Amino acid sequence: MSLRFYDTRARQVRDFVPLREGHVSLYLCGATVQAAPHIGHIRSGVNFDILRRWLVHRGYRVTLCRNVTDIDDKIINVASAEGVPWWEVSERNQRAFTWAYDILNCLPPTVEPRATGHVPEMIELMRRLIERGHAYPAADDSGDVYFDVTSFPDYGELSNQRLDQMRGAGDTDSDRGKRDPRDFALWKGTRPGEPSWETPWGSGRPGWHLECSAMATKYLGPTFDIHGGGVDLVFPHHENESAQSRAAGDGFARYWMHNGLLSMSGEKMSKSVGNSLLIPEIVREVRPVELRYYLAQAHYRSVIDYSVEALREAAAAYQRIEGFVTRAVEAVGDVAPSKELPEPFAEALDDDLGVSQALAAVHNHVREGNSALAEGAKERVAEVTARLRGMLTVLGLDPLSESWADTGDSGLRGVVDALVTVALNQRQAARERRDYATADEIRDQLLDAGITVEDTPHGPRWELRNG
RNA sequence: GGCGGAGUGGCCGAGUGGCUUAGGCAAGGGACUGCAAAUCCCUGUACACGGGUUCGAUUCCCGUCUCCGCCUCCA
């Protein structure tokens, strides 16, 4: 079967055929850097990172453009409240996003353009829209420029909304100079004390949607393959992007993919609601790789209702995988990830990125591998491990990936190993003379120090306790 | 008012017109072990409710209830 994805516009699963053979152009709505990232932002990052990795595995060259919107009302408000320049706020938050993507092992985008670096492209797009009669400068000389939604018959097709059923956009303070309340701002005229850029229609700053159209087109071309983001962006953001670009004569996105939201106690997590869950807090509960597993395990279009209990369960499930890989490598030495992946796994991902089912294949391999390990069937262990690592690499969850390597313990591991070995030798001696009280006491002391001991047919092995 | 999604066993979470009705976590039993741990094997409890279609529905259709998202900033 071929690769296929659920397309929001078509409202069904469609076979995926890229515009150019062997190449996929992917635009992802990244952050509006008005605050530090919460777990919901990162879910989107993880979901689309897996999409990207899968496309690469399927042999495509992927150009991923993930924007940063570094100017908007909230950024200005935060800056004003803190008494710092707007760009200090966006820089700080962009760094926080980059850090979060990195520790979650999301591969960096091919290009990460910022809105304020693309004002000329936005002006050009507005010029085209005005020339074609789809946009107009506000009648009150405020400097606002609006998109005329009634001029574009397809308006509403992405989100399946009818213009006559819509409420007003209300995306400016006063809707000054709008012809129709549903028109949306391409450009917002200057207000005192706010940053602004010059345009032929007066000075001002970008509206919310224009930057994505301008940047997607600049880096991916007038028509590109996939546009992604959270479902909450479908309307108005993506609807407006699509309207702008297509009214200007561009083909724009051919497939629209949207990830489901993350909720807390059944309520949407949102910055404005104030119940956000920040990444630094979560990685105190579980390790980043376990957080990634948690976010990846549910289908990307489903809602995840966040709970610490579910997060811990996911961590336990991941540790089972990790435990096998660790023991396998101890038994048979390093095994490179296989490029050839089991059919059930590949089938699952081909079908609208069925990560949940793909993980079933992963766990089946873990079980098979554990059995092989118990039987001492080294060749089979190596085979299973290679395939397992191949699958995990595609999911960005390979325990042996350097991305997860602890830093800052240079050389210490060897020292600890030597010390633990001393203790374990004493424990073995105690066991041999059947002094189990002493043996167990040594084991307990190691556990208190964060070291778990397991007895195997080949002698004891130790690990640092997770979490 | 309009558009859309969802209700699965103790929990998380896939999926399907009947076939072995994923997978994980937790629980119980067994194997292994000095005891543990890890691992393997086995076990139970499902498809919100009411109708309909069908030889057969958790899966399709209709209705009801409940929850959530979007139409306002949002991943």
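Since the structure is predicted, the reported quantities are computational estimates derived from the model, not experimental observations. We name chains A, B, ... by the order of the sequence lines, and we start the count at 1 in each one.
Nucleotide B/G1 forms a pair with B/C71, judged by Watson-Crick or G-U wobble geometry with both contacts under 3.5 Å. Summarising the base pairing, B/A6 is matched to B/U66 through a Watson-Crick or G-U wobble pair whose two defining distances lie under 3.5 Å. Applying the Watson-Crick and G-U wobble criteria (two distances, each under 3.5 Å), B/C60 pairs with B/G52. Remark: B/G23 base-pairs with B/C12. Criterion, Watson-Crick or G-U wobble with two distances under 3.5 Å. Judged by Watson-Crick or G-U wobble contacts below 3.5 Å, the nucleotide B/U39 has B/A31 as its partner.
The nearest whole Å value for the distance from the CH2 atom in A/Trp256 to the P atom in B/C70 is 18 Å. Atom CG in A/Asn93 sits roughly 11 Å away from atom P in B/A75 (whole-Å rounding). One interatomic measurement links the two molecules: CD of A/Glu309 to P of B/C25, which rounds to 17 Å at whole-angstrom precision. One can place OH of A/Tyr300 at 14 Å from C1' of B/A75, the figure rounded to the nearest angstrom. The nearest whole Å value for the distance from the CZ atom in A/Arg367 to the P atom in B/A22 is 12 Å. To the nearest angstrom, P of B/U39 lies 6 Å from CZ of A/Arg327. Separating the NZ atom of A/Lys268 from the P atom of B/G5 is a distance of 17 Å, rounded to the nearest angstrom.
Between A/Arg205 and the options A/Asp73, A/Asp72, A/Asp70, A/Asp144, a salt bridge (Lys or Arg N to Asp or Glu O under 4.0 Å) holds for only A/Asp73.
Nucleotides B/C68 and B/U8, compared at atom P, are 15 Å apart to the nearest Å. B/C67 and B/G30 are spaced 45 Å apart, taking the P atom of each and rounding to whole Å. The separation of B/A22 from B/A46, taken at their P atoms, amounts to 14 Å, rounded to a whole angstrom. Straight-line distance between the P atoms of B/U64 and B/A27: roughly 43 Å, to the nearest whole Å. B/G24 sits 11 Å from B/U39 when the P atoms are compared, rounded to a whole Å. Here, B/G10 and B/G5 have their C1' atoms 26 Å apart, quoted to the whole Å. Distance check on atom C1': B/C12 versus B/U20 gives 23 Å, rounded to whole Å. B/G9 sits 37 Å from B/G2 when the C1' atoms are compared, rounded to a whole Å.
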Kindly determine whether A/Ile442 and A/Gln426 satisfy side chain to side chain contact (heavy atoms under 4.5 Å, CB included), including the steps that lead there. CA-CA 8 Å; A/Ile442 291 171; A/Gln426 289 178 3; 3.9 Å; yes
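Here A/Ser371 lies in heavy-atom contact (under 4.0 Å) with sugar-phosphate atoms only. Among the atoms of the strands shown, only primed sugar atoms or phosphate atoms (P, OP1, OP2) are found under 4.0 Å from some heavy atom of A/Gly229. In this structure, A/Gln297 reaches the sugar-phosphate backbone alone: every heavy-atom distance under 4.0 Å involves primed, P, OP1 or OP2 atoms, never a base. If you check every strand for non-hydrogen atoms under 4.0 Å, A/Ser302 touches sugar and phosphate atoms only.
On a pure distance criterion of 3.5 Å, a polar donor-acceptor pair joins the side chain of A/Asp455 and the base of B/C35. Side-chain atoms of A/Arg443 come within donor-acceptor range of the base of B/A36, with a qualifying N/O pair under 3.5 Å.
Annotation for A/Arg434: atom CZ does not count as buried by contact number, only 12 or fewer foreign heavy atoms lying within 6.0 Å.
Of the two residues contacting RNA chain B, namely A/Ala437 and A/Ala298, the nearest-nucleotide position lying further toward the 5' end is that of A/Ala298.
Taking the ring axis of A/Tyr101 as reference, the NZ or CZ atom of A/Arg66 stays within 45° of it and closer than 6.0 Å to the ring centre. A cation-pi geometry, defined here as NZ or CZ lying under 6.0 Å from the six-membered ring centre and within 45° of its normal, does not hold between A/Arg14 and A/Tyr6.
Dashed line: the shortest gap from a side-chain N or O of A/Asn259 to OP1 or OP2 of B/A75 is not under 4.0 Å.
Checking A/Thr452 against A/Glu463 by side-chain atom types alone, no donor-acceptor pair falls below 3.5 Å.
Proximity note for A/Glu313 (side chain, C-beta onward) versus B/G10, B/A14, B/C35: the nearest is B/G10.
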